[in-house]
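Input: a single structure, listed below in structure tokens.
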Amino acid sequence: MTEPAITGALDLIAQAGGGRVESYPHDLTNQTKKMSLSFLYNGTRRMYERFGFTYDRPKGLKNCVMVKTVDPSTFADLTP
């Protein structure tokens with residue numbers, strides 16, 4: 001359910017004029033121990049990378065800051 005939420009949020013941000021977006025997903029890149037999926041409600045670093053976010057900095061023990069600049073959408077972008 002996280003991926004549709006990210007897609008929807010990015011679309012709404014584009015419609016509102018775009019801008020810089022930050023997210024704070026779990027960073028499992030150096031994790032060797034398995035983590036319960038119930039703790040991944042806000043997604044993983046790898047998933048945000050697939051959406052075009054880039055790593056910015058660590059945040060706490062197991063999270064990081066990911067950033068993306070969203071371009072504003074035009075009326076032509078919103079029509080099917």
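The nearest pair of heavy atoms linking P72 to G17 is CB-O, 3.4 Å. The two residues P25 and G43 come nearest to each other via the heavy atoms CB-O, 3.5 Å.
Atom-to-atom distance recorded for H26:NE2 and T44:OG1 is 9.0 Å, nearest 0.5 angstrom. In this structure, CZ in R57 is found 13.0 Å from CG in D27, a value given to the nearest 0.5 Å. Once rounded to the nearest 0.5 Å, the distance linking CG of D56 with OG of S23 reads 12.0 Å.
Contact annotation: the side chain of I6 approaches that of M47 to within less than 4.5 Å [non-hydrogen atoms, C-beta and beyond]. A 4.5 Å side-chain heavy-atom check between V21 and I13 finds at least one atom pair inside the cut-off. Side-chain contact between R50 and E3 is present, with at least one heavy-atom pair separated by less than 4.5 Å.
Hydrophobic cluster of V67: the remaining members, joined at side-chain heavy-atom separations below 4.5 Å, are Y24, V65, listed by chain and number.
The one candidate from K59, E22, E49 that meets the side-chain contact (heavy atoms from CB on, under 4.5 Å) condition with M66 is E49.
Evaluation of the ring-ring contact (aromatic ring centres under 6.0 Å, His included) test over residues 49-69, restricted to residues two or more places apart or in two chains, returns Y48-F53.
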**Study point:** Residue pair L28, K62: steps toward the side chain to side chain contact (heavy atoms under 4.5 Å, CB included) verdict
**Key:** CA-CA 7 Å; L28 305 177; K62 296 180 182 176; 5.9 Å; no
